[in-house]
There are 2 protein chains.
Amino acid sequence: MATLSEVARLAGVTTATVSNVLRNTQKVKPATVQKVQEAIAATGYRPNLMARALAEGKSSMVALVLPDINNPFYPEFVRVAERVARHRNYFLMVCNTDERPDIGRAYLHQIAGTLADGVLVLHTGISADDINELKTRRSPIVLASEEKVDLGDNIPHVVVNFHRAGEIAGQHLLALGHTRIGAIVGCGLEGMQVGRLDGFRSALEVGGVALPDAVIRNVSDTVAGGHDAAVSLLEQHPDITAIFCTNDLMAYGASQALADQGIRIPQDISLIGVTDIQMARDMRPALTTVALGIEQVATLSINLLLDLIENPAHQPTIVRVPDPVLVVRSSTGPVRSI
Amino acid sequence: MATLSEVARLAGVTTATVSNVLRNTQKVKPATVQKVQEAIAATGYRPNLMARALAEGKSSMVALVLPDINNPFYPEFVRVAERVARHRNYFLMVCNTDERPDIGRAYLHQIAGTLADGVLVLHTGISADDINELKTRRSPIVLASEEKVDLGDNIPHVVVNFHRAGEIAGQHLLALGHTRIGAIVGCGLEGMQVGRLDGFRSALEVGGVALPDAVIRNVSDTVAGGHDAAVSLLEQHPDITAIFCTNDLMAYGASQALADQGIRIPQDISLIGVTDIQMARDMRPALTTVALGIEQVATLSINLLLDLIENPAHQPTIVRVPDPVLVVRSSTGPVRSI
DNA sequence: CTGAAAGCGCTAACAA
DNA sequence: TTGTTAGCGCTTTCAG
């Protein structure tokens, strides 16, 4: 790999000049620019980004730490985050923690402030303590779509109104006449998706419908989790006419369980999820869900992070995503007659 | 962020000594180690990985360039690649090109040899010319699971026997008595998945079954692509009893199309895919497919890359993945009687 | 066992 | 407009 000084030597100038043409500060005479560019072409020179980062005190790289790249929510998030970052001239480094908080911690400690100018943390079970400890470094850290907002005002984060999402789901089922309803709640690294459940329950209560603990299943946030929960629910409560899942992935699993037992969706049982991942559109019947607006969340999160990097005094440091919206597809319908 | 010299000052030693205890060359007196470690703890020091990389001439970071993080194959690949890399003390930087070769090129040019010690390229439509141009840098580049192996021996790559995968699928359908078969072929960035189709066709030919062009659909490698292709196939060839898809994602789409039309799988039509992504297990009916062994491919690929980084003379430079294997699930069955 | 000093490749004042 | 000169934070001989 050719270096700056080789290029400089070949062009008969100094490294400073080459550096200047490289990032075209308009301070170089056209003729010299010409010479330098020829030398660059001739040597096949590429800047060493590490050296540049060290000199500039800025790597133009941000890290995205997430728990499980196989959960389709994250790839969808990554895709937009990467695009936004690229447009703002940052590299995005995706770090998968395999659901292990210790790996998340390790990434954070190693990367924040050294490899990356900032890091965006998604539901990785990293404690607020860890985050606070790291705040001493100047590298901004932002958490996205936290369920629990006990982070305080001093940690930048993006908040999604999960409670409202649950509420919307509840209102939809209520409007369709359902009264015997089950709920499948995911347990991610951040703990139960309790905000969504609370919202759901409160909506039902307004309609005079109860949601006893017996019809709630807490399971892992996966297809298999949703499947098993649905099986258990059906076994113990064959009379339910609708199931609320705190996310789409589990709803997909639940739909498999229903299909396996010959139960029709939505004629026999209605199914509603939260998030609106691509899969919700692709599955059959297509899933009615409460869209969290992945694109929005990702965009707001990464932009907040980059804003904070470029201007540490940036305000606000806590941003709210617009409320979720109901997307009606084919998995919900009027309560069955019997 | 504290630096080495601050730690050194606090411990009353020089940076060289701190550096030595940091990576425990056994050359430091226990008492000094003690002092230094206290200073490290007191300052909350973390090494600046950029500076280290510059000094060592090695970043311990590898990049994984892939076309579409939303295609579930890639997250599955990423997960194991990341794990292997981590165990070998490398960071994995995932670069999504959004299916745009120019972005892939840009990543390659910017990252290879500067930010990353090596890069693993997956089906991103980057030309062999580009790769060759980059070979001048010392940074190893390995391509994984190339369909076309016209890369020559001088570019390290991992090759999957796609032809065999197609053959296995063909033999399976043949054994079930199918003779009127359609095929859905994906067109990724690397061009049509023609190896798989060739293998499939040649297996059928051995069994005396033809696969005319009329029953082949070339579509994009997505759920929607598979769906549309299946619709078109059914419309023009209602007599077919089996469909071969060159990958699982399209098979999933095809299954939706069949479900939409009330066609039962496998009673009316058998469906077989290639790859064995998680979705193949999750969908209903579960998909019969030819498993490429994602875990194996990923492991071999990343290990080859790291081997090459650590020892540029490493041999072999081209590694073959063990042959694919048939995984029979519920989407294939005997040909229907009529 | 520890320190002094050079240098990785680049940027950024400041001079010339 | 260009060159000189310091670093950025770390590793790594080579002396002491």
Side-chain angles (χ1 to χ4, degrees), chain A residues 1-37 39-40 43-61 89 110-117 137-139, chain B residues 1-37 39-40 43-61 89 110-117 137-139:
Chain A
M1 284 282 291
T3 70
L4 242 206
S5 52
E6 298 181 48
V7 174
R9 188 154 29 77
L10 207 156
V13 296
T14 67
T15 61
T17 305
V18 179
S19 180
N20 274 328
V21 349
L22 237 34
R23 98 193 82 76
N24 59 85
T25 52
Q26 308 294 10
K27 317 199 161 190
V28 187
K29 177 166 43 167
T32 325
V33 171
Q34 176 75 16
K35 272 194 308 184
V36 170
Q37 273 165 349
I40 288 175
T43 51
Y45 168 80
R46 304 283 165 191
N48 181 323
L49 299 191
M50 292 283 181
R52 176 176 291 175
L54 187 56
E56 283 183 330
K58 154 179 217 322
S59 68
S60 293
M61 183 140 81
N89 290 309
Q110 288 184 97
I111 288 178
T114 74
L115 274 183
D117 296 331
R137 314 195 193 176
R138 279 200 304 146
S139 170
Chain B
M1 284 283 290
T3 71
L4 243 206
S5 51
E6 299 181 46
V7 174
R9 188 155 28 77
L10 207 156
V13 296
T14 68
T15 63
T17 304
V18 178
S19 181
N20 274 329
V21 345
L22 237 34
R23 107 187 67 76
N24 60 87
T25 53
Q26 307 294 12
K27 317 200 163 190
V28 187
K29 178 166 43 169
T32 323
V33 171
Q34 176 74 15
K35 272 192 309 184
V36 170
Q37 271 166 349
I40 289 176
T43 53
Y45 168 79
R46 305 283 165 190
N48 181 321
L49 298 190
M50 290 285 179
R52 177 176 289 174
L54 187 55
E56 285 182 330
K58 158 178 214 325
S59 68
S60 293
M61 184 141 82
N89 291 310
Q110 287 185 96
I111 288 179
T114 76
L115 274 185
D117 296 330
R137 314 196 194 176
R138 281 200 303 147
S139 170

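Values below: every heavy atom of this structure, side chains too, minus hydrogens, waters and symmetry copies. By convention in this document, chain letters (A, B, ...) are assigned in the order of the sequence lines, proteins followed by strands, and residues within each chain are numbered from 1.
- Minimum heavy-atom separation, Ser59(A) to Ala53(A): CA-CB, 3.7 Å.
- With a 6.0 Å radius and a threshold of 12 heavy atoms from other residues, nucleotides or ligands, Lys29(A) has its NZ atom at or below the threshold.
- Side-chain contact between Thr3(B) and Thr15(B): absent, with no pair of heavy atoms (C-beta onward) separated by less than 4.5 Å.
- Taking 4.5 Å as the limit, every side-chain heavy atom of Met61(B) sits out of range of all side-chain heavy atoms of Asp117(B).
- Val13(B) has its side chain out of reach of Val21(B): every pair of non-hydrogen atoms, C-beta onward, lies at least 4.5 Å apart.
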Given protein heavy atoms under 4.0 Å, the one-letter contact record of nucleotides 2-12 of chain D, with B base, S sugar-phosphate only and - none, is simply BBB--BBBBBB

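- Here the range on DNA chain C touched by chain B, meaning any atom under 4.0 Å from one of its heavy atoms, is dC1(C) to dG9(C).
- The side-chain heavy atoms of Leu4(A) and Ser19(A), taken from C-beta on, include a pair separated by under 4.5 Å.
- In this structure, the side chains of Val33(B) and Gln37(B) come closer than 4.5 Å at one or more pairs of heavy atoms.
- For the pair Leu22(B)/Ile40(B), a side-chain contact is recorded, criterion being any heavy-atom separation below 4.5 Å from C-beta on.
- A donor-acceptor pair shorter than 3.5 Å cannot be found between the side chains of Arg9(B) and Ser5(B).
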Check nucleotides 14-16 of chain D against the protein and report each pair of N or O atoms closer than 3.5 Å, with its distance, or say if there are none.
none

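- Counting heavy-atom neighbours within 6.0 Å of Lys58(B) NZ, excluding the residue itself, gives a total above 12.
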